[in-house]
Amino acid sequence: GEDVEQSLFLSVREGDSSVINCTYTDSSSTYLYWYKQEPGAGLQLLTYIFSNMDMKQDQRLTVLLNKKDKHLSLRIADTQTGDSAIYFCAERGPGTYKYIFGTGTRLKVLA
Amino acid sequence: KAGVTQTPRYLIKTRGQQVTLSCSPISGHRSVSWYQQTPGQGLQFLFEYFSETQRNKGNFPGRFSGRQFSNSRSEMNVSTLELGDSALYLCASSPGTGAGEQYFGPGTRLTVT
């Protein structure tokens, strides 16, 4: 199928690490992306990873990619209340600029 | 660089009417994609335009159409509106090559009554 799957909710305490998981559909996807959406706003690009990479780190964000299992994760270190939002993963297949987005994970950070 | 702008931000229409939404991408970007976001269906891809040509298309009926101008600005049109078309319509700007990372506008909230 064409569903990119994410768990619906995640709750963490401020200062802890958050890990948001995503299972994508196409093992030949070339790029995978993470976006953040705050209430009433559009999506904000956080980071992306090329499919020949296993890991990418960008300040508090770490992306892990397991191509064999078609599994992508986003780790947010030292999670803050401002990180509360919905997080979407997205994949792009080879030779196309058509993107498939996941269902979104709502992250709630407790003070 | 200025971000992606979408107009109008809010719109209320009646069933059967038509609507046109506008998107101005980031300067230098040649690709504009449109998405429909609803609580039930999530983020659904409508279509993508690159250098004035529709390059990719999602699974929406022909009532949904779009175009892109030579300055990369894009419009999306929905004809014969239905209640189910009520949604947040998001436009995404991208270089359209390489990593193809997308930058989203704030969206247009369309309500059909």
Return the minimal non-hydrogen interatomic distance between E48(B) and Y97(A), and the atom names on each side.
OE2-CB, 3.8 Å
Answer with side chain, backbone, both or neither: which region of T97(B) has an atom nearer than 4.5 Å to a non-hydrogen atom of chain A?
both
After noting the C-alpha distance and the side-chain angles of Y35(A) and Q102(B), does the key distance pass the side-chain contact (heavy atoms from CB on, under 4.5 Å) rule?
CA-CA 10 Å; Y35(A) 291 87; Q102(B) 295 188 308; 3.4 Å; yes
Atom pair CZ/NZ of R55(B) and K98(A) - distance to nearest 0.5 Å:
13.0 Å
Cluster check L83(B), L21(B): I/L/V/M/F/W/Y, side chain < 4.5 angstrom:
yes
Can you tell me if NZ on K108(A) sees more than 12 non-hydrogen neighbours from other groups inside 6.0 Å?
no
d(L43(B) CG, I100(A) CD1) to nearest 0.5 Å is 11.5 Å
In terms of hydrophobic clusters joined by side-chain contacts under 4.5 Å, are I86(A) and L107(A) together?
yes
Tell me, side chain or backbone of Q44(A) under 4.5 Å from chain B's heavy atoms, or both, or neither?
neither
Under a single-linkage definition using a 4.5 Å side-chain heavy-atom cutoff for Ile, Leu, Val, Met, Phe, Trp and Tyr, are V4(B) and W34(B) assigned to the same hydrophobic cluster?
no
Between Y31(A) and chain B, with a heavy-atom cut-off of 4.5 Å, which part of the residue counts as in contact: side chain, backbone, both or neither?
side chain
Measuring centre to centre across the rings, with the benzene-like ring taken for any Trp, is Y35(B) within less than 6.0 Å of Y99(A)?
no
Linking I/L/V/M/F/W/Y whenever their side-chain heavy atoms sit closer than 4.5 Å, directly or via other members, would M53(A) and L74(A) fall into one cluster?
yes
Output the distance between atom CD (E101(B)) and atom CG (L46(A)), rounded to the nearest 0.5 Å.
13.0 Å
For R73(B), does the CZ atom sit with more than 12 other heavy atoms under 6.0 Å from it, leaving out its own atoms?
yes
For the hydrophobic clusters of this structure (ILVMFWY residues joined by side-chain heavy atoms under 4.5 Å, transitively), does one cluster hold both L10(A) and L110(A)?
no
Surrounding CZ of R15(B) (heavy atoms of other residues, nucleotides or ligands, distance under 6.0 Å), is the total greater than 12?
no
Within a radius of less than 6.0 Å around CG of L61(A), do more than 12 heavy atoms belonging to other residues, nucleotides or ligands occur?
yes
How far does CG of L45(A) sit from CZ of F104(B), to the nearest 0.5 angstrom?
9.0 Å
For the residue pair T103(A) and Q41(B), establish whether any side-chain heavy-atom pair is separated by less than 4.5 Å.
no
Look up atom CG in N56(B) and atom CZ in R92(A), then write down how far apart they are to the nearest 0.5 Å.
10.0 Å
Rounded to the nearest 0.5 Å, what's the gap from CG on L43(A) to CG on L90(B)? Could you check?
6.5 Å
Of the backbone (N, CA, C, O) and the side chain (C-beta and beyond), which part of F88(A) lies under 4.5 Å from a heavy atom of chain B, both, or neither?
side chain
